[in-house]
Q: 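Following this message is one structure expressed as structure tokens.
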Amino acid sequence: MRIFMNLNLAELLLGNQKAEADIKEELSILVNDIVSRPVSSHIAAYILGGGFGRGEGSVILRDERYTTSNDYDMFAIQVDELSENDFSQMVQEIEEKYHLKFFGIDRMTRDHFLQIASSKTVSQADFDFMLGSKILWLNPAYKDDDLPSIFAHYGKEKREILLESAYRVLTTRFWCIVALTNWEDLTSLYDLQYVEDAQFFYFQQVKLATAIVDAVLIAEKRYDTPKFLEKLEVLKDTEFAKQQDVRLLVYLVREKIWNTNHFSLSIEERKELWNLYCSCVEFVMNFDKIRYAKFSIKEALHRKYAAIRHRKFNCWALGDYEALRQLDIKKLRELQGKMRRMYA
């Protein structure tokens with residue numbers, strides 16, 4: 001098997017060639033290991049998504065080498081039968097071997113990939129995957145589909161991003177507030193007993209900021225690119241930006257994509273970020289109240305089903321943001337307990 005690496009300098013991240021070289025070397029070692037495993041014979045391609053996929057990867061300096069500040073978002077396009085247990089075991093072994101805390105490889109079938117590529121109405125996740133990814137490896141045994149060409153042509157047609165994607169990204173990132181805060185002492189920036197370090201807390205708040213940006217652009221039907229460098233310029237001209245001061249959002253996201261993070265956030269800035277989150281939730285909900293109501297009912301049914309089947313599913317709802325808006329400490333502590341147990 002061969003590695004298909006097409007990652008030129010300045011493609012994985014912005015503004016730091018030393019970091020670019022370190023990340024490229026780290027990824028090469030990782031991918032070479034993955035494709036050498038027997039399960040990869042069932043895979044047509046491994047794809048790099050997330051920040052590095054769109055060329056805005058986030059790094060930290062550790063022992064004089066740059067490494068990812070979070071983990072790598074990878075995808076696999078599967079072409080024939082493959083045991084779930086075998087694939088999951090491979091991913092777990094890679095995670096443990098390279099000390100990756102949140103590593104995972106999302107699998108999709110070849111047919112599902114082609115369906116995503118041809119759909120005109122898509123989720124944010126699928127849109128970002130198609131326009132903000134890089135092919136890491138192509139299996140030479142499978143030549144039925146010209147995958148590079150499919151990715152290259154995707155952006156030539158207009159796509160509509162589902163409004164439900166805005167609901168979901170805001171729901172998911174509510175964890176960044178509720179799970180990490182010390183609700184017993186709001187003079188503390190975060191819960192020192194739960195959060196491993198200041199950098200982890202800071203990056204989670206940046207993720208919260210990116211979720212707000214994404215949700216606004218999706219709601220206003222102006223989500224045309226996965227790149228935050230471009231999204232921030234669009235954000236400044238949105239209706240939301242006319243109603244709210246978005247300078248903190250722009251500052252946090254710019255620091256992340258340019259890797260100039262100062263890892264500092266004041267109590268007042270945290271409060272401002274909470275207010276922006278609540279305002280964004282209300283802004284998005286009000287775009288289509290009937291659609292939001294249907295989404296809420298559907299998600300509630302999914303939560304009940306997941307509980308019965310003992311499966312992981314968000315144990316909180318977007319509507320729970322009201323506890324934050326009202327600063328209902330009792331409710332927030334209850335939600336925090338559920339969130340932490342879910343990821344224990």
Side-chain angles (χ1 to χ4, degrees), residues 4-17 19-24 26-28 30-31 45-60 66-77 102-106 108 113 116-117 122-137 147-159 161-162 165-166 168-169 172-173 203-204 206-218 222-235 249-250 252-261:
F4 182 89
M5 297 290 283
N6 187 29
L7 308 179
N8 299 320
L9 290 180
E11 283 192 353
L12 292 176
L13 50 90
L14 298 172
N16 188 327
Q17 289 192 348
E20 178 85 30
D22 287 349
I23 292 295
K24 185 176 181 180
E26 187 172 88
L27 264 176
S28 296
L30 185 66
V31 174
Y46 284 108
I47 314 294
L48 178 66
F52 292 106
R54 64 176 180 264
E56 298 175 335
S58 182
V59 297
I60 56 173
Y66 287 97
T67 186
T68 171
S69 64
N70 190 23
D71 267 329
Y72 299 109
D73 297 312
M74 292 182 62
F75 302 85
I77 299 177
F102 302 103
F103 181 69
I105 302 177
D106 291 334
M108 68 179 71
F113 167 74
I116 291 172
V122 296
S123 69
Q124 177 199 4
D126 288 344
F127 181 84
D128 286 358
F129 169 71
M130 292 302 301
L131 276 186
S133 297
K134 292 180 172 65
I135 297 174
L136 290 174
W137 175 78
L147 295 181
S149 178
I150 293 173
F151 277 106
H153 285 86
Y154 183 80
K156 295 183 178 180
E157 293 186 48
K158 181 72 175 177
R159 316 281 168 164
I161 311 299
L162 292 166
S165 291
R168 288 201 170 90
V169 70
T172 300
R173 296 308 178 195
F203 279 123
Q204 297 309 308
V206 173
K207 285 185 177 181
L208 179 64
T210 62
I212 297 170
V213 174
D214 285 344
V216 168
L217 298 190
I218 292 169
R222 302 188 65 180
Y223 195 98
D224 298 320
T225 174
K227 292 180 178 292
F228 276 99
L229 195 61
E230 298 170 16
K231 285 192 278 192
L232 290 180
E233 292 305 310
V234 179
L235 174 71
L249 299 178
V250 173
L252 290 173
V253 178
R254 279 194 178 278
E255 280 217 326
K256 177 183 183 296
I257 62 178
W258 285 103
N259 288 295
T260 55
N261 302 290

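The structure presented is a predicted model; accordingly, all values stated were derived computationally and were not measured.
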Q: What donor-acceptor contacts under 3.5 angstrom involve side-chain atoms of residues 47-59, with partners at least two apart or in another chain?
A:
from	atom 1	to	atom 2	distance (Å)
Arg54	NE	Glu56	OE1	2.8
Glu56	OE1	Phe228	N	2.9
Glu56	OE2	Phe228	N	3.0
Glu56	OE2	Leu229	N	2.9
Ser58	OG	Ser69	OG	3.0

Q: Looking at residues at least two apart in the chain, or sitting in another chain, which of them share a side chain to side chain donor-acceptor pair (under 3.5 Å) with Tyr72?
A: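 If we apply the side chain to side chain donor-acceptor pair (under 3.5 Å) test to Tyr72, skipping adjacent residues, the hits are Glu26.
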
Q: Please name all residues satisfying side chain to side chain donor-acceptor pair (under 3.5 Å) with Asp106, sequence neighbours left out, ordered by chain then number.
A: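 Result, side chain to side chain donor-acceptor pair (under 3.5 Å) vs Asp106: none returned.
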
Q: Would a 4.5 Å heavy-atom cut-off, applied to side chains only, mark Val253 and Lys231 as touching?
A: no

Q: How far apart are the closest heavy atoms of Ala117 and Met130, and which atoms are they?
A: CB-CE, 3.9 Å

Q: Less than 4.5 Å apart, side chain to side chain, heavy atoms only: is that true for Asp22 and Thr67?
A: no

Q: Taking C-beta and beyond as the side chain, do Arg222 and Leu235 meet within less than 4.5 Å on heavy atoms?
A: no

Q: As an exercise, state the distance from CG of Leu217 to CD of Glu230, rounded to the nearest 0.5 Å.
A: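 Here the rounded value is 11.5 Å.
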
Q: Nearest heavy-atom pair of Val206 and Leu252: which atoms, and what distance?
A: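 Closest approach of Val206 to Leu252, heavy atoms only: CG1-O, 4.0 Å.
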
Q: Between Lys134 and Glu11 (side chain of the first, backbone of the second, donor and acceptor by atom type, cut-off under 3.5 Å), is there such a pair?
A: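 Checked: pair present.
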
Q: Looking only at non-hydrogen atoms, find the nearest pair between Tyr223 and Asp214 and report the distance.
A: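 Reported closest heavy-atom pair: CE1-OD1, 3.5 Å.
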
Q: Which residues pass the side chain to side chain donor-acceptor pair (under 3.5 Å) test with Tyr66, not counting sequence neighbours?
A: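 If we apply the side chain to side chain donor-acceptor pair (under 3.5 Å) test to Tyr66, skipping adjacent residues, the hits are Asn16.
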
Q: Report the relative orientation of the aromatic rings in Phe151 and Phe113; use parallel for angles under 30°, tilted for 30 to 60°, perpendicular for over 60°.
A: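 Ring orientation, 0 to 90° scale: tilted.
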
Q: Specify the closest pair of heavy atoms between Ser123 and Leu162, including all atoms of both residues, with the distance to one decimal.
A: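 Smallest interatomic distance, heavy atoms only, reads N-CD1, 4.1 Å.
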
Q: Measuring from Leu30:CG to Tyr46:OH, what's the distance to the nearest 0.5 Å?
A: 10.5 Å

Q: Quick one: salt bridge (Lys or Arg N to Asp or Glu O under 4.0 Å) partners of Glu233, sequence neighbours excluded?
A: Lys236, Arg254

Q: So, the side chain of Arg159 versus the backbone of Tyr154: is there a donor-acceptor pair under 3.5 Å, distance only?
A: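 Indeed, once roles are kept as given, a pair shorter than 3.5 Å links the two residues.
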
Q: Please identify each residue that fulfils side chain to side chain donor-acceptor pair (under 3.5 Å) with Lys158, with sequence neighbours left out.
A: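 Result, side chain to side chain donor-acceptor pair (under 3.5 Å) vs Lys158: Asp224.
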
Q: Any chance you could measure Thr260, atom OG1, to Glu255, atom CD, to the nearest 0.5 Å?
A: 4.5 Å

Q: Determine whether Phe127 and Ile218 make a side-chain contact, defined as any pair of heavy atoms from C-beta on separated by less than 4.5 Å.
A: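 Result no, sub-4.5 Å side-chain heavy-atom pair not found.
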
Q: Quick one: does Glu20's side chain have a donor or acceptor within less than 3.5 Å of a partner on Leu12's backbone?
A: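 Pair found, side chain donor or acceptor close to backbone of Leu12.
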
Q: Of all the heavy-atom pairs spanning Asn259 and Leu14, show the shortest one and how long it is.
A: ND2-O, 4.4 Å

Q: Say you draw a straight line from CZ of Arg173 to CD1 of Ile212; how long is it, rounded to the nearest 0.5 Å?
A: 11.5 Å

